[in-house]
Amino acid sequence: MQVKVCGITNIEQAQALDAMGVHYIGFIFYPSSKRYVLNSLSVSDLQHFKTTGAKKVGVFVNEPLDNLLNIVKEAELDMVQLHGDEDLTYCQKVKEHVSVVKVFRVGAYVPMMDGFDQVADYFLFDTDSALYGGTGQHFNWEIIKNQTIAKPYFLSGGIGPNDIKGLEVMQNTIAGKQLLAVDLNSQFEISPGIKDLEKIKTFIHAII
C-alpha cells in the first residue's frame, strides 16, 4: 500500500514527508481550497523542492489547460490530479506532458468512467461534493468494492487512523486488486494545510 499526503502548504513539512517515505505529496492549485498552495508558497518554491523518492502531485480543478501546463513545467511536477469536470480530450492533452490521475466523485452509485482508462494513468475515488473534494467525509466503499477497476487507483475521502481495518478488508475485495494508495488529508491536520506528522508516521507504520 502506498501513501499520498495532500494539501501541503509548507516546504519543511513536504521535506519531512519525503524523508518519512511518503510516495506522493500533493499541492492544491485550486484557489477556492483552504489549502490553496499559492497562498503560502510560490511556483519557484515548489520547483526548488527536490524529493528523494516522493512524486510531486499538482491538484487542479477545471484549470485552463495552458495555465496547468505552465505550472507543471515551472514547478517541475511529476503528476497531475484532475479533480474537476475535465473531459476525455482535456485529459489526453495533459497526459501528453505528465502522468494523470483522474478523480471520480462517488455518491450513491458507481461513477461513469467510460474511456478515461485510455487518457489517465491512475484513477482516484473521492466523496461526492459540490465543493470538488475537501469534505473530510467518507463515501460508502461498498459501492465500488465489487467493481473491476480499469486502472490502479487512489482511495480518498476523509481517510483517518480508524480506517486501518477497513483498508485491510478493502484490499481483499475485487476492487482491492487495483488499490494503489490511500490519500490522506484533513484527518491528519492540525489546521488546514498543516499536517500532524507524528499521526501520519503512525498510520504509515500500521499499513505498510
Side-chain angles (χ1 to χ4, degrees), residues 1-10 13-28 35 37 46 49-60 72 75-83 91 94-95 98-106 113 116-117 120-127 133-134 136 138-139 141 144-145 147-189 193 195-208:
M1 178 79 73
Q2 296 184 358
V3 175
K4 174 173 175 276
V5 179
C6 201
I8 300 302
T9 58
N10 177 285
Q13 288 211 325
Q15 291 167 334
L17 290 168
D18 181 44
M20 200 184 294
V22 166
H23 303 85
Y24 310 90
I25 299 174
F27 303 96
I28 298 175
R35 302 166 184 87
V37 67
L46 296 173
F49 167 50
K50 308 297 184 183
T51 71
T52 58
K55 303 283 190 185
K56 297 194 293 187
V57 185
V59 180
F60 297 87
V72 166
E76 297 182 359
L77 299 178
D78 300 299
M79 302 170 70
V80 162
Q81 180 176 316
L82 300 178
H83 218 297
C91 292
V94 175
K95 191 175 184 293
V98 66
S99 295
V100 171
V101 182
K102 182 66 184 92
V103 176
F104 298 95
R105 301 189 292 279
V106 184
M113 297 174 277
F116 281 99
D117 59 315
D121 299 282
Y122 308 94
F123 291 164
L124 183 150
F125 297 110
D126 197 3
T127 306
H138 267 221
F139 67 87
W141 296 353
I144 67 166
K145 75 174 191 179
Q147 299 295 311
T148 300
I149 310 299
K151 288 286 182 179
Y153 67 92
F154 296 73
L155 188 62
S156 188
I159 293 174
N162 295 330
D163 288 314
I164 292 167
K165 286 289 186 185
L167 288 167
E168 290 175 359
V169 172
M170 189 66 174
Q171 284 182 292
N172 292 314
T173 66
I174 295 171
K177 292 179 174 61
Q178 289 282 54
L179 176 53
L180 174 71
V182 288
D183 190 359
L184 311 181
N185 195 341
S186 60
Q187 298 299 317
F188 293 86
E189 285 187 327
K195 308 304 180 186
D196 185 328
L197 297 177
E198 286 303 314
K199 199 172 180 181
I200 292 171
K201 185 184 295 184
T202 300
F203 183 86
I204 289 173
H205 288 163
I207 67 166
I208 293 181

* Could you give me the CA-CA distance, side-chain angles and deciding distance for Asn185 and Arg35, then say whether side-chain contact (heavy atoms from CB on, under 4.5 Å) is met? => CA-CA 10 Å; Asn185 195 341; Arg35 302 166 184 87; 3.2 Å; yes
* To do: Begin with the C-alpha distance, continue with both residues' side-chain angles, and end with the deciding distance and a verdict on side-chain contact (heavy atoms from CB on, under 4.5 Å) for Cys91 and Leu82.
  => CA-CA 8 Å; Cys91 292; Leu82 300 178; 3.7 Å; yes
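- Considering only heavy atoms from C-beta on, Val182 comes within 4.5 Å of Leu167 through its side chain.
- Between Lys50 and Glu76, at least one side-chain nitrogen of the basic residue sits less than 4.0 Å from a carboxylate oxygen of the acidic one, meeting the salt-bridge criterion.
- Contact of the Met170 side chain with the Leu179 side chain is registered, since non-hydrogen atoms from C-beta on lie closer than 4.5 Å.
- Between Pro152 and Leu180, the shortest heavy-atom contact is CB-CB, 4.1 Å.
- Taking OG of Ser156 as the start and NE2 of His138 as the end, the distance is 9.5 Å to the nearest 0.5 Å.
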* Would you please test Val22 and Lys4 for side-chain contact (heavy atoms from CB on, under 4.5 Å) and show each step? => CA-CA 6 Å; Val22 166; Lys4 174 173 175 276; 5.8 Å; no
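- Residues Gln15 and Leu17 have side chains not in contact (no heavy-atom distance under 4.5 Å, counting atoms from C-beta outward).
- Taking each heavy atom of Phe49 and Lys56 in turn, the nearest pair found is O-NZ, 3.0 Å.
- Summarising the geometry, atom CE belonging to Met20 is positioned 8.0 Å from atom NE2 belonging to His205; distances are rounded to the nearest 0.5 Å.
- With rounding to the nearest 0.5 angstrom, the CZ atom of Arg105 is 11.5 Å from the CG atom of Leu124.
- Between Phe125 and Phe123, the ring planes lie perpendicular to each other; the angle is over 60°, past the 30° to 60° tilted range.
- By the 4.5 Å heavy-atom criterion applied to side chains, Lys55 and Ile25 are not counted as neighbours.
- When side chains are defined from C-beta on, Asp183 does not count as touching Leu155, because their heavy atoms never get closer than 4.5 Å.
- Shown here for Ile159 and Gln187, the closest heavy-atom pair between the two residues is O-CB, 3.3 Å.
- Under the 4.5 Å side-chain criterion, counting only non-hydrogen atoms from C-beta, Val103 is not in contact with Tyr122.
- Look at Asp121 and Lys95 and you find a salt bridge, because one of the NZ, NE, NH1 or NH2 atoms lies within 4.0 Å of a carboxylate O, short of that distance.
- Between the His23 side chain and the Val3 main chain, a donor and an acceptor come within less than 3.5 Å of each other.
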* Decide yes or no on side-chain contact (heavy atoms from CB on, under 4.5 Å) for Phe139 and Asp126, but give the supporting numbers first. => CA-CA 7 Å; Phe139 67 87; Asp126 197 3; 5.6 Å; no
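- Within the 3.5 Å criterion, the main-chain N or O of Gly193 finds a donor-acceptor partner in the side chain of Glu189.
- Closest approach of Ala16 to Leu197, counting heavy atoms only: CB-CD1, 3.8 Å.
- Across every non-hydrogen atom of Asp18 and Thr52, the tightest pair is OD2-N, 2.7 Å.
- The minimum heavy-atom distance between Tyr153 and Ala175, with the atom names listed, is OH-O, 2.9 Å.
- With hydrogens and angles disregarded, a donor-acceptor distance shorter than 3.5 Å links the side chain of Gln13 to the backbone of Lys195.
- For the pair Thr202/Pro161, no side-chain contact is recorded, criterion being any heavy-atom separation below 4.5 Å from C-beta on.
- By the 30° and 60° cut-offs, the orientation of the rings of Phe116 relative to Phe104 is perpendicular.
- Formation of a donor-acceptor pair under 3.5 Å by the Lys177 side chain with backbone atoms of Asn172 is not found in this model.
- Looking at heavy atoms from C-beta onward, Cys6 lies in side-chain contact with Val59 at the 4.5 angstrom threshold.
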